[in-house]
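Please read through the structure below; I'll follow up with questions.
Throughout, a chain's letter reflects where its sequence line sits, starting with A, and its residues are numbered from 1.
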Protein chains: 2
Amino acid sequence: MGDDAVMSSTAERIRPGRSGILAAATRLFAAQGVSGTSLQQIADASGITKAAVYHHFPTKEEVVAAVLAPALEAIQGIVRTAGAHQDPRAATEAAIIGLADQAVTHRQRWAVLLQDAAVEEYVRNHPDHDDLFTRLRLLLTGPDPSPGTRLQVSLFLSGLLGPAQDPSCADIDDDALRAGIVQAGRRLLLLDDDADDDA
Amino acid sequence: MGDDAVMSSTAERIRPGRSGILAAATRLFAAQGVSGTSLQQIADASGITKAAVYHHFPTKEEVVAAVLAPALEAIQGIVRTAGAHQDPRAATEAAIIGLADQAVTHRQRWAVLLQDAAVEEYVRNHPDHDDLFTRLRLLLTGPDPSPGTRLQVSLFLSGLLGPAQDPSCADIDDDALRAGIVQAGRRLLLLDDDADDDA
DNA sequence: GTCTATATGGCGATAGAC
DNA sequence: GTCTATCGCCATATAGAC
């Protein structure tokens, strides 16, 4: 096979080609942020040169877009599937479960999408993507949401990636992460607005 | 008083000196991330030159540290005050209330502290700061926490800044933000681990 | 499809005048 | 305490050989 068999001894296998670039970029973007990651770092982590990266992507922004694309498609799927429920509460629950699964399974990609300052602006400047988030929020709040409900949705979406990324939760396996995130989503978004219990 | 009365017509008053630098840096760091903000941008927003910024701070990292310092002191205060409660649940509640107030009142500073990839590494590399967060987490979980409880704390801390920063919550006033965040904290951290209600 | 080499500009940081 | 001017480096991006 390939004649580029460098057999790197680093922790992560260096993969050639477009998918290797995207894998390296996703990992670096999640760890350092988009602005904190240079194309040189991406090239080094991919085992190729900077110029080779530019053969696959015309600009750094296109690398970012390619990293985010699968997550944006997943949100489209969640909005479509959850939106098919008649009961608004069932729709909210379906969206919570879909988001929790994506956040755990593709945590690095989703950390870039939801926790990077540069990506926030990128999304805000692309009406298609911004509208997608608006529809997602509406599914999570239910129709005609109160300010308090919008606030809980905002906190849930902002906190969604925390458990999967936090070193203090590194010992928790993926299924338990999904279940815990879903539980948090139910508590924040599906509890009646009155009684706040104990103490 | 001052002889530097430039009377800028920009949206935000340009303030001279150290406090103006920190105000501009905090705002820019929160909006663009630390890595996405240059000293030239901070200088321009402060109405001085880059060299003048370097008169007040020896390095960019020191600007970051000065921006974060009040928030880290606030966490110390929260840990001290909340830790004085004998009842672990009262301690958790006090920490939630203190965090919600800080997150709303100083939302830009806290967004830098809690949501910036570069700052995460900065905190991880300073054992004093890292220990502080460990103590804060322990107050929020209570003693001998289960994995599920640690997960809820992680999601709450990660989501804390969401409502105060999210444009979709821009219409909510500060007191309502504080109350909503406290409500979310109670639901995530003070609910018994069993019954998850309705539907 | 990957390389070497390079263009151009902005970065963090410094020197020294006022 | 702020300025102008500059250093050395690395950023994104391009040209052209193989």
Side-chain angles (χ1 to χ4, degrees), chain A residues 1-8 13-26 28-29 31-68 112 116-119 121-122 125, chain B residues 1-8 13-26 28-29 31-68 112 116-119 121-122 125:
Chain A
M1 321 201 179
D3 41 2
D4 57 286
V6 180
M7 277 309 157
S8 155
R13 180 80 176 83
I14 294 178
R15 296 193 298 171
R18 193 182 148 104
S19 69
I21 294 168
L22 290 177
T26 303
L28 290 167
F29 287 164
Q32 308 173 346
V34 169
S35 295
T37 301
S38 70
L39 285 178
Q40 184 66 65
Q41 288 178 304
I42 296 172
D44 290 348
S46 309
I48 57 178
T49 62
K50 231 178 359 173
V53 175
Y54 275 106
H55 174 75
H56 295 279
F57 301 96
T59 64
K60 184 182 178 182
E61 177 162 346
E62 287 297 309
V63 179
V64 176
V67 165
L68 297 180
V112 179
D116 190 284
V119 171
E121 213 199 345
Y122 168 82
N125 291 343
Chain B
M1 322 201 177
D3 41 3
D4 57 284
V6 179
M7 277 311 156
S8 155
R13 181 82 176 83
I14 295 179
R15 297 193 299 170
R18 197 183 145 101
S19 70
I21 295 168
L22 289 178
T26 303
L28 290 167
F29 287 163
Q32 308 174 345
V34 169
S35 295
T37 302
S38 70
L39 285 177
Q40 185 66 64
Q41 288 178 304
I42 295 171
D44 291 347
S46 309
I48 59 178
T49 62
K50 218 171 27 164
V53 175
Y54 276 105
H55 174 74
H56 295 279
F57 301 95
T59 64
K60 184 182 179 181
E61 177 162 344
E62 287 297 308
V63 179
V64 176
V67 165
L68 297 179
V112 179
D116 190 284
V119 171
E121 212 198 346
Y122 168 83
N125 292 342

Quiz item: Whole-Å distance between C:dC3 P and A:D44 CG?
Solution: 11 Å
Quiz item: Base, sugar-phosphate, or nothing: which does B:S46 touch, judged by heavy atoms less than 4.0 Å apart?
Solution: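 If one applies the 4.0 Å heavy-atom cut-off, B:S46 turns out to touch nothing in the nucleic acid.
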Quiz item: If each of A:V34 and B:G47 is mapped to the nucleotide of DNA chain D with the nearest heavy atom, which maps nearer the 5' terminus, i.e. the 5' end?
Solution: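 Looking at DNA chain D, the more 5' nearest nucleotide goes with B:G47.
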Practice problem: Return the nearest nucleotide to the side chain of B:K60; candidates are D:dA13, C:dA13, D:dC3. | Solution: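 Ranking D:dA13, C:dA13, D:dC3 by closest atom to the B:K60 side chain puts C:dA13 first.
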Quiz item: Rounding to a whole Å, what distance do you find between A:H56:NE2 and D:dA13:C1'?
Solution: 16 Å
Quiz item: Which pair of non-hydrogen atoms, one from A:G33 and one from B:A117, has the smallest distance, and what is that distance?
Solution: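 Scanning both residues completely, I find the closest heavy atoms to be N-CB, 3.8 Å.
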Self-check item: 4.5 Å side-chain heavy-atom contact, A:Q32 and A:Q41
Solution: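 In short, these two side chains touch, coming nearer than 4.5 Å.
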Self-check item: Whole angstrom value for the distance that separates P of C:dA13 from CD of B:Q40
Solution: 14 Å
Quiz item: What integer distance in Å separates B:L39:CG from D:dA11:P?
Solution: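 Value for this atom pair: 17 Å.
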Self-check item: Position toward the 5' end of DNA chain D (nearest nucleotide), A:T37 or A:A51
Solution: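 Per heavy-atom nearest nucleotide, the more 5' residue is A:T37.
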Quiz item: Are A:I42 and A:F29 close enough that some pair of their side-chain heavy atoms sits under 4.5 Å apart?
Solution: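 A:I42 vs A:F29: side chains touch.
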Quiz item: Where the side chain of B:A52 is concerned, which of C:dG12, D:dC3, C:dA13 is the nearest nucleotide?
Solution: D:dC3
Quiz prompt | B:I42 CD1 to C:dG12 C1', straight-line distance once rounded to whole Å | solution =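 Taking atom C1' of C:dG12 as the reference, CD1 of B:I42 is at 11 Å.
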Quiz prompt | Smallest separation among heavy atoms of B:I14 and B:S46, with atom names | solution = CG2-O, 2.9 Å
Quiz item: Looking only at side-chain N and O atoms, does B:H55 come under 4.0 Å of OP1 or OP2 in D:dT2?
Solution: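 For B:H55, the contact criterion (side-chain N or O under 4.0 Å from OP1 or OP2 of D:dT2) is not met.
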Quiz item: Starting at NZ of B:K50 and ending at C1' of C:dC11, how long is that distance when rounded to a whole Å?
Solution: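 That distance rounds to 7 Å.
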Quiz item: Atom CD of B:Q41 and atom P of C:dG9: how far apart are they, to the nearest Å?
Solution: 18 Å
Quiz item: Does the side chain of B:I21 reach to within under 4.5 Å of the side chain of B:I48, using non-hydrogen atoms?
Solution: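 In contact.
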Quiz item: Rounded to the nearest Å, what distance is computed from the OH atom of residue B:Y54 to the C1' atom of nucleotide C:dA13?
Solution: 5 Å
Quiz item: Quick one: is B:T49 getting a side-chain N or O under 4.0 Å of the D:dC3 phosphate, OP1 or OP2?
Solution: yes
